[in-house]
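Hydrogens, waters and symmetry mates play no part in the numbers below; they use all other heavy atoms, side chains included.
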Amino acid sequence: MTKRIILLLLITIHTVLLYAQREKGPVQYVRPNIGSAHSRYFFYTPAAVPFGMAKLAPSTNGSNGNAGGWEAVGYDDRHRSIEGFANFHEFQIGGVVFAPTVGQLKTFPGKEGERNSGYRSSFDKADEYATAGYYRVWLKDYKIKAELTATQRVGFHQYTFPETDSANVIFDIGHKMGESGPVLDAKVTYDDRHVWGYVVTKPVYVQKYQEAANVTMYFYAELDKSPVSYGTFKDSIAHHGLKSIQGKGAGIYLRFKTKKGEQIGIKTGLSYTSVENAKLNLMKEASTLTFAKAKAAAIQNWNNSLGRIAVEGGLEQDRIKFYTGLFHALLGRGLANDVNGAYPKNDGTTGQIALLKNGSPMHNHYNTDAIWGAFWNLTQLWAIAYPEYYNDWVQSQLLVYKDAGWLGDGIANSKYVSGVGTNFTGLAIAAAYNVGIRDYDVASAYAAVRKNELEGKDRIPGAGKLDVGVFVKNGYSPYVKDLSGNPELNTEGSPFGASHTLEYSFSAYAAAQFAKALGKTADDQQLSKLSEGWKLLYDPATKFIRPKDNQGKFLDKFNPLESWRGFQEGNAWQYTFYVPHVPEQLVSLVGKEIFSNRLDSIFTVSQKNLFGGGKHIDAFAGIEGLYNHGNQPNLHVSWLFHYAGRPDLSQKWVRAICNEFYGTDGIHGYGYGQDEDQGQLGAWYVLSAMGLFDVKGLTAPEPSFLIGAPLFKTVRIKLPKEIRKNDFLIEADQQQPDHQYVQRGTLNGQPLKGLTIKFNELNKGGILNLVLSNQPK
């Protein structure tokens with residue numbers, strides 16, 4: 001008993017000391033380690049700024065590679081050794097690793113769990129600290145304190161060494177890292193406190209959608225001390241005294257003599273276009289910055305961005321979930337252009353974004369994961385609080401369209417890297433226009449959206465939805481069994497024909513609103529007709545969406561729990577609710593009472609499995625369940641009760657998901673190892689905790705939000721005045737942890753007629769007051 005008490009006291013003292021270091025403002029609630037067990041490569045990058053290019057983080061198993069392109073590699077909260085610190089972290093992009101060591105030179109990372117197997121070092125979780133914009137860890141094997149921070153395009157490393165004549169800094173450039181795929185080439189050079197070079201990789205998804213493409217990362221690093229010796233290496237073979245080396249496995253090592261507590265700092269300019277532009281990025285953003293100043297600026301940047309949605313009251317654990325979720329939503333999809341507007345084009349050459357009079361680019365270009373499902377989280381959040389980023393995201397997609405002829409769903413250095421082989425970019429662009437985000441060539445945007453939704457002829461693999469031609473012809477995409485091993489590349493249908501039909505119907509609806517707004521009457525009529533394609537797959541006998549073959553017959557041996565047969569990453573139980581553009585019609589077909597009872601029973605059963613995969617740590621753990629919050633296709637379903645006249649059930653189940661699916665530790669964060677794609681699950685929590693959500697993804701002619709019960713006393717949406725003049729305030733009276741039901745409300749003093757608020761009312765600013773209770777109305 002005494003030992004247990006002492007242990008608890010030590011843990012308490014450590015926790016107090018650790019979090020005494022927390023920053024002020026919203027950053028104090030950010031915990032990057034939440035959900036970082038079994039997380040994607042781009043998930044854990046604390047040393048970064050919002051939407052930045054430089055995303056620094058420790059790697060525990062990033063060198064393992066990524067055979068399928070989506071597996072969980074990079075950082076895992078369960079691991080206890082670090083192999084180095086990578087500077088690039090994006091969807092299908094990763095590399096340029098630095099590692100400080102002491103003693104014998106090792107030029108390969110080794111294996112997690114195998115001590116002394118490479119240059120990696122063990123560490124204790126008690127000696128690790130991470131927040132938005134800064135990371136620190138004590139490397140036990142070498143007695144080195146490593147610290148990381150960043151500006152938009154510059155990574156800062158600071159290593160504090162013990163007294164030694166063998167302090168090493170390793171620049172591991174030519175080895176695979178994260179989701180980058182195999183290395184094709186690399187080159188690295190040292191001279192006079194500077195190290196520069198590049199690495200060329202071939203991501204798995206590039207190989208699938210654009211075979212001839214590759215991704216190149218450039219860097220230019222400046223050290224604040226000179227080494228006493230240096231050399232190159234290729235894999236495990238070192239060459240003392242050489243300054244340059246090229247080829248797979250290439251790297252540089254620098255050796256220093258240090259006193260106890262002596263620090264070695266590295267500023268690293270990054271670029272996707274050239275070493276020269278990497279150097280320019282370094283000079284423009286960080287020539288006068290110290291590590292301390294860069295850290296302070298990064299944290300202030302995060303406080304400003306996170307502070308656009310200021311919450312007060314409620315439980316501290318909910319504020320932690322909220323701001324950590326918002327952190328992840330702002331972390332994904334990083335910069336791809338340089339300070340001078342240079343950007344990587346789809347064909348591998350360098351493009352140029354037009355410049356303002358001050359020499360800065362008119363807009364930015366970004367790398368991005370697929371937008372699959374992001375209309376139920378990210379795009380809504382961007383429209384609410386980050387509209388200038390949403391506009392730049394549209395500009396990014398239009399650059400690719402202009403350069404290569406088709407919109408891409410996911411893009412890495414403008415290369416096509418569609419994650420699931422569909423393409424919702426048209427829907428997201430249409431939604432942006434729909435809410436007034438229009439600072440781009442609207443005619444070009446419409447042409448790109450129309451082509452994306454209607455044209456199948458000569459469609460390239462990178463554009464995704466290769467079966468859109470047969471969808472346009474038949475009104476649905478038939479189930480076709482895949483025999484090729486590349487199901488996304490089928491053109492006459494798809495093994496996921498039913499889910500594709502639902503998706504294409506939704507995106508056709510969004511494009512139809514765009515067409516109508518621009519007076520494109522014929523397009524509007526065609527797209528509106530296609531938006532009804534889902535009805536062709538509704539089976540009134542079972543009241544499920546059911547796949548059809550190319551003869552128009554429902555598939556036999558139908559099992560609504562079976563995944564992958566007609567449905568991508570889901571099943572009929574989950575996808576039958578995928579009619580977000582006209583949920584009223586789905587409710588009418590099924591019947592209000594049956595709809596509500598079925599959906600309520602689904603959540604009652606699913607709650608026992610934590611609304612997804614239970615405690616099974618796997619991204620696909622829940623795809624054969626009745627409901628799976630751990631993946632995109634289901635993220636609107638808990639809000640559908642509104643359309644059956646039972647908003648109280650939406651309020652009940654949304655609150656339960658917020659409380660139970662989302663956690664606050666390394667393993668239980670977003671379910672248990674569920675698929676948190678660049679902030680989507682975090683953004684869903686943010687919206688739901690605010691009490692705002694649009695099932696239709698802002699695509700309706702008059703976009704609006706459903707209203708739920710906020711988790712906080714107040715939520716203030718406050719943007720810079722040049723972006724939006726007035727604040728929007730949500731006040732929750734009688735707000736308590738168990739008060740998940742909305743009794744009544746007012747908007748600017750006028751009683752609410754229903755639990756909806758138009759987007760333009762939020763955009764104008766005002767006050768939404770809600771009275772909550774622990775009993776349904």
Side-chain angles (χ1 to χ4, degrees), residues 40-42 45 53-57 59 61-75 83-99 108-109 155 171-188 195-221 233-235 245-252 268 270-275 277-278 333-336 343-350 366-370 408 410-419 462 678:
R40 298 286 295 277
Y41 176 69
F42 43 67
T45 55
M53 178 187 295
K55 294 180 178 178
L56 280 59
S59 174
N61 67 344
S63 63
N64 287 1
N66 207 285
W70 57 269
E71 289 91 348
V73 297
Y75 179 92
E83 61 188 2
F85 305 97
N87 290 272
F88 285 99
H89 286 81
E90 291 290 354
F91 178 63
Q92 300 297 294
I93 297 174
V96 182
V97 177
F98 300 170
F108 49 93
F171 295 78
D172 191 346
I173 310 304
H175 289 130
K176 62 186 177 184
M177 172 53 54
E179 291 187 355
S180 66
V183 171
L184 302 182
D185 190 21
K187 185 175 182 180
V188 59
V195 180
W196 62 90
Y198 63 82
V199 57
V200 184
T201 65
K202 197 176 187 67
V204 173
Y205 286 175
V206 165
Q207 297 176 49
K208 183 181 293 187
Y209 297 107
Q210 193 176 355
E211 174 58 31
N214 51 50
V215 168
T216 305
M217 293 158 273
Y218 301 89
F219 75 100
Y220 185 88
F233 63 86
K234 187 173 289 187
D235 295 327
I245 192 169
Q246 183 172 358
K248 293 170 60 176
I252 288 277
T268 310
L270 305 176
S271 173
Y272 294 113
T273 64
S274 68
V275 169
N277 279 334
R333 296 159 166 77
L335 272 172
Y343 74 95
K345 293 179 68 173
N346 178 270
D347 64 4
T349 62
T350 298
Y366 293 91
N367 287 306
T368 171
D369 190 359
I411 53 176
N413 280 15
S414 299
K415 309 300 192 301
Y416 292 112
V417 288
S418 176
Q678 289 194 295

Side-chain contact, heavy-atom cut-off 4.5 Å: L335 with Y366? yes

Less than 4.5 Å apart, any side-chain heavy atom of K202 and any of Q92? no

State whether the side chain of [X] and the backbone N or O of [Y] hold a donor-acceptor pair below 3.5 Å, judged by distance alone.
{"X": "T201", "Y": "V215", "value": "yes"}
{"X": "Y41", "Y": "E179", "value": "no"}
{"X": "D369", "Y": "G410", "value": "no"}
{"X": "T45", "Y": "H89", "value": "no"}
{"X": "N87", "Y": "A54", "value": "no"}
{"X": "E83", "Y": "S63", "value": "yes"}
{"X": "N61", "Y": "G74", "value": "yes"}

Is the centre of the [X] ring less than 6.0 Å from the centre of the [Y] ring?
{"X": "F91", "Y": "Y205", "answer": "yes"}
{"X": "F88", "Y": "Y272", "answer": "yes"}
{"X": "F108", "Y": "H175", "answer": "no"}
{"X": "F171", "Y": "F98", "answer": "yes"}

CA sep, side-chain torsions, deciding dist, call: V195, F219, side-chain contact (heavy atoms from CB on, under 4.5 Å): CA-CA 8 Å; V195 180; F219 75 100; 3.9 Å; yes

Verify whether one side chain among N64 and E71 offers a donor that lies under 3.5 Å from an acceptor in the other. no

Matching residue for V96 among D172, V188, I173 - test: side-chain contact (heavy atoms from CB on, under 4.5 Å): I173

Going by the side-chain contact (heavy atoms from CB on, under 4.5 Å) test, name the single residue among K248, Q207, K176 that passes it with P182. Q207

Would you check, one step at a time, whether the test side chain to side chain donor-acceptor pair (under 3.5 Å) holds for Q210 with N346? CA-CA 10 Å; Q210 193 176 355; N346 178 270; 2.9 Å; yes

Quick one: pull up [atom1] in [X] and [atom2] in [Y] and give me the separation to the nearest 0.5 Å.
{"X": "T350", "Y": "K345", "atom1": "OG1", "atom2": "NZ", "result": "9.0 Å"}
{"X": "Y209", "Y": "Y416", "atom1": "OH", "atom2": "OH", "result": "13.5 Å"}
{"X": "M177", "Y": "M217", "atom1": "CE", "atom2": "CE", "result": "10.5 Å"}
{"X": "I93", "Y": "N367", "atom1": "CD1", "atom2": "CG", "result": "3.5 Å"}
{"X": "L270", "Y": "L56", "atom1": "CG", "atom2": "CG", "result": "7.5 Å"}

Determine whether S414 and Y343 satisfy the following criterion, side-chain contact (heavy atoms from CB on, under 4.5 Å), listing intermediate values before the conclusion. CA-CA 9 Å; S414 299; Y343 74 95; 4.3 Å; yes

Report the residue from K55, R40, K415, R333 that forms a salt bridge (Lys or Arg N to Asp or Glu O under 4.0 Å) with E90. K55

Specify the closest pair of heavy atoms between G419 and A370, including all atoms of both residues, with the distance to one decimal. N-CB, 4.0 Å

Evaluation steps, side chain to side chain donor-acceptor pair (under 3.5 Å), between Y198 and Q246: CA-CA 9 Å; Y198 63 82; Q246 183 172 358; 3.2 Å; yes

